[in-house]
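In this text, all values refer to a predicted model and were calculated from it rather than measured experimentally. When a ligand or atom number is given, it counts from 1 through the structure's own listing order.
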Amino acid sequence: MENLPVVHVINGRQKKLLQGHPWVYGNEIERVEGEPADGALVSVVDFRGRAMGTGVYNSRSLITVRLLTHRNEAVTDALIAARVRAACDYRRFVLRREGTDSCRLIYGEADRLPGVIADRFGSVIVLQVLSLGMERYTQVIADALIACQQPACLLLQNDDAIRLKEGMTCFAKVLHGALPEETVIQENGIRLCVDVLGGQKTGYFLDQKDNHLFLRQFCRDARVLDCFSYIGGFALNAAAAGAREVTAVDISESAVARIARNAALNDLRVQAVCANCFDFLREQVREKQRYDVVVLDPPAFTKARANMQNACRGYKEIALSAMRLLPAGGVLATHSCSYHMPEDVFVHTVLSAAQDLHRQVRVIALRRQDIDHPVLAGYPESHYLKSLWLQMLD
Ligand code: SAH
C-alpha cells in the first residue's frame with residue numbers, strides 16, 4: 001500500500017471507529033503526520049498507532065476525515081466502483097416492488113461512500129457529491145452508476161449549500177444522456193412528476209415510500225389531511241386507497257402546483273392548499289373541522305442538538321392541533337426527519353400532547369425511513385426519519 005499521511009486520533013476516540021463510525025472530527029485528532037492536501041487520502045491510527053482505516057481528509061470541514069474503509073486495504077477507483085455496484089445490487093429489493101421504478105441508489109456513509117447521494121427517478125439518476133474527498137471520484141461513481149443502471153440521463157446535482165462548507169462550489173451538470181423535459185416516476189403504482197433541477201433536495205423524498213403505502217390501509221372512505229405534503233406523496237396514496245376527501249397542505253407554491261398536477265396525472269382528487277401548516281392547523285381547529293386521518297411530515301426543525309427544545313415545541317404544537325382534529329378512532333401519522341431528535345424524545349413529545357389534552361391514545365406503529373436508506377451499524381446519524389403512528393382512543 002502507498003505511504004499515506006497519517007492522522008492520529010486522540011485516546012478514547014478509537015472506540016466509535018471500531019464500532020463502525022466513519023467520521024473523525026477535527027477536535028478528535030491528536031496530530032497529523034505528513035501534509036495531506038484537502039481532499040487527499042489519509043491513514044487513520046489510534047493513540048497506540050493501531051490502524052483504524054483509510055479515509056479522505058478535509059481540514060476545512062468539521063468532519064476532518066471520512067473513512068472509506070475500516071480495513072487495511074488500498075482505496076482505489078476499483079474499490080469505489082465496487083461500492084457503487086454493491087449499492088445498486090442491494091436496491092434490486094426495492095426496484096422489484098410492483099409499480100415502483102425509483103429509489104435511493106447510494107445513501108452516503110451507509111453505502112460506505114461518504115457524502116455521496118444518488119437517487120434513481122425512473123430513467124433519470126440524480127447524483128450529489130457533498131464531501132470534498134469524494135469529489136475526485138465523481139466520474140468513477142457516475143461511470144459505475146451508468147454501467148449498473150443504464151439510465152437515460154445522469155444529472156450531477158451539486159447545487160447544495162452543504163458543499164460550500166466543504167470548500168466546494170455549487171453547480172448542476174448533465175454527465176450522461178439528456179434531461180427529459182419532465183421526469184415522471186412511479187411509486188406504489190402512482191405517477192409523480194418530480195422536479196430534479198428546481199425541487200427540494202434531489203427532487204423528491206424517496207425515504208417515505210413505504211410509509212406512503214402504510215397509510216393506505218387507514219384511508220378507505222376517510223377524510224384525510226396531509227400536512228407538509230411537498231408534491232403530495234401521502235395525499236395521493238390516500239386518494240388511491242379510496243379516501244372520501246383528501247386535503248394536502250404545503251408552504252411551497254411550486255410544490256402545491258405539482259400536487260394538483262400529480263393528482264390529475266393519476267385521475268385522483270386531492271385538494272391542494274398553499275399555506276403555513278402551523279396556521280392552517282390552528283384555523284382548522286378553530287373551525288372545529290374533523291378528519292379521520294392526519295399526516296404531519298415537517299422539515300427538520302433542528303439542524304443542531306442545541307435547538308432541541310424549540311424543535312420539541314414545534315412537534316408538540318402541530319401534534320396538539322392534529323389531535324384536536326381527530327375524533328375517537330382517528331389516526332395520526334407524525335414524523336421527524338432530524339437525526340438530532342432522538343426517537344424516544346420524539347415519541348415522548350408527541351405522547352405528551354395527548355396527555356395535555358386528556359386523551360388516551362395507542363401506538364399503532366413506530367417506523368423509519370424506507371430500506372433503500374439503510375442504517376449503518378455504529379453510525380446513528382444514518383437513522384434520521386422517525387415515523388410514529390397513533391390511534392385516538394377517546
Ligand atoms: N410529506 C412529503 C415530504 C415533506 S418535506 C412526502 O411524503 O414526500 C417537508 C415539506 O414541508 C416541504 O415540502 C416544505 O416545503 C414544507 N414546509 C416547510 N415549512 C412549512 C410550513 N411552515 N408550512 C407548510 N409547509 C412547510
Side-chain angles (χ1 to χ4, degrees), residues 100 102-104 119 121 126 160 183 185-188 190-196 198-216 218-219 224-241 246-263 265-266 268 270-285 293-303 307 310-311 313-319 321-322 332-339 341 367-370 372-373 384-389:
T100 294
S102 300
C103 72
R104 175 147 294 186
D119 282 345
F121 293 120
V126 179
D160 191 308
T183 306
I185 69 165
Q186 274 219 50
E187 180 201 286
N188 309 332
I190 286 176
R191 298 172 73 210
L192 289 156
C193 181
V194 309
D195 183 0
V196 293
Q200 298 184 31
K201 303 282 178 171
T202 56
Y204 181 60
F205 300 95
L206 290 163
D207 51 2
Q208 288 284 27
K209 291 186 302 304
D210 62 340
N211 291 328
H212 290 160
L213 195 59
F214 192 74
L215 176 73
R216 288 195 187 191
F218 308 112
C219 292
V224 180
L225 176 61
D226 175 10
C227 292
F228 308 93
S229 61
Y230 192 45
I231 61 173
F234 282 109
L236 292 162
N237 275 273
V246 183
T247 305
V249 189
D250 200 280
I251 205 165
S252 150
E253 259 175 51
S254 58
V256 171
R258 244 161 235 274
I259 301 171
R261 178 81 218 291
N262 288 331
L265 258 181
N266 296 281
L268 293 171
V270 172
Q271 201 193 336
V273 179
C274 188
N276 182 330
C277 283
F278 283 83
D279 301 335
F280 183 86
L281 282 163
R282 249 180 260 132
E283 217 172 273
Q284 296 289 292
V285 172
V293 180
V294 177
V295 179
L296 303 172
D297 186 17
F301 288 145
T302 171
K303 295 216 159 69
N307 292 331
N310 277 340
R313 265 197 288 276
Y315 290 121
K316 186 159 177 180
E317 176 177 341
I318 52 177
S321 297
L332 171 64
T334 179
H335 299 87
S336 164
C337 61
S338 165
Y339 80 83
M341 174 60 60
R367 300 165 61 82
R368 53 172 63 170
Q369 64 235 30
D370 203 350
D372 44 351
H373 300 60
Y384 64 98
L385 183 66
K386 277 76 63 182
S387 174
L388 174 63
W389 298 65

From CZ (R258) to SG (C193), nearest 0.5 Å: 4.5 Å
Can any side-chain N or O of S387 pair as donor or acceptor with the backbone N or O of R368 at less than 3.5 Å? no
Short version for A255: what comes under 4.0 Å of ligand 1, heavy atoms counted, is neither
Closest protein heavy atom (residue, atom, distance) for atom 5 (S) of ligand 1: F205 CE1, 3.5 Å
Y204 to ligand 1: N or O pair under 3.5 Å? no
Charged N to carboxylate O under 4.0 angstrom, D119 versus K201? no
Protein contact to atom 21 (C) of ligand 1 [nearest heavy atom, distance to 0.1 Å]: F228 CE2, 3.6 Å
So, regarding P298 and ligand 1 (criterion: nitrogen or oxygen to nitrogen or oxygen, under 3.5 Å), is there a contact or not? no
Hey, does I251 come in under 3.5 Å of ligand 1, counting only N/O atoms on both sides? yes
Does an N or O anywhere in F234 fall below 3.5 Å from an N or O of ligand 1? no
We want to know whether N266 and R191 form a side-chain donor-acceptor pair, criterion being a heavy-atom distance below 3.5 angstrom. no
At under 4.0 Å between heavy atoms, which part of C227 makes contact with ligand 1: side chain, backbone, both or neither? neither
Using 30° and 60° as the class boundaries, would you call the ring planes of H212 and Y204 parallel, tilted or perpendicular? tilted
Would you say D226's side chain and A248's backbone share a donor-acceptor pair under 3.5 angstrom? no
Has H335 got any heavy atom lying under 4.0 angstrom from an atom of ligand 1? no
Minimum non-hydrogen distance to atom 23 (N) of ligand 1, winning option of G314, A248, C277: C277
What do you reckon, does D226 have a nitrogen or oxygen under 3.5 Å from a nitrogen or oxygen of ligand 1? no
Fit a plane to each ring of F228 and F278, take the angle between them on a 0 to 90° scale, and name the class: parallel (under 30°), tilted (30 to 60°) or perpendicular (over 60°). perpendicular
What protein heavy atom is closest to atom 7 (O) of ligand 1, reported as residue, atom name and distance in Å? H212 NE2, 2.7 Å
Give the numbers and elements of all ligand 1 atoms closer than 4.0 Å to a heavy atom of N276. 21 (C), 22 (N), 23 (N)
Heavy-atom donor-acceptor pair, Q369 side chain to D207 backbone, under 3.5 Å: no
Would you say the side-chain atoms of Y230 and Q208 include a donor-acceptor pair closer than 3.5 Å? no
Enumerate the atoms of ligand 1 whose separation from the nearest heavy atom of S252 is less than 4.0 angstrom. 15 (O)
For ligand 1, which atoms sit closer than 4.0 Å to a heavy atom of Y230? 2 (C), 3 (C), 4 (C), 13 (O)
Determine whether the side chain, the backbone, both or neither of A275 has a heavy atom under 4.0 Å from any heavy atom of ligand 1. backbone
Does H335 use its side chain to pair, donor to acceptor, with the backbone of L296 at less than 3.5 Å? yes
Check for a donor-acceptor pair, side chain of D250 on one end and backbone N or O of S252 on the other, with a separation under 3.5 Å. yes
Give a yes or no on whether the backbone of M341 and the side-chain of K386 come within a donor-acceptor separation of less than 3.5 Å. yes
Could you identify the single nearest non-hydrogen protein atom to atom 2 (C) of ligand 1 and state the distance to 0.1 Å? D297 OD2, 3.3 Å
Does any N/O atom on Q208 come nearer than 3.5 Å to any N/O atom on ligand 1? no
Winner among D250, L281, V273 once heavy atoms are compared against atom 14 (C) of ligand 1: D250
Which of the listed options, A235, G199, P299, holds the heavy atom that is closest to atom 19 (N) of ligand 1? P299
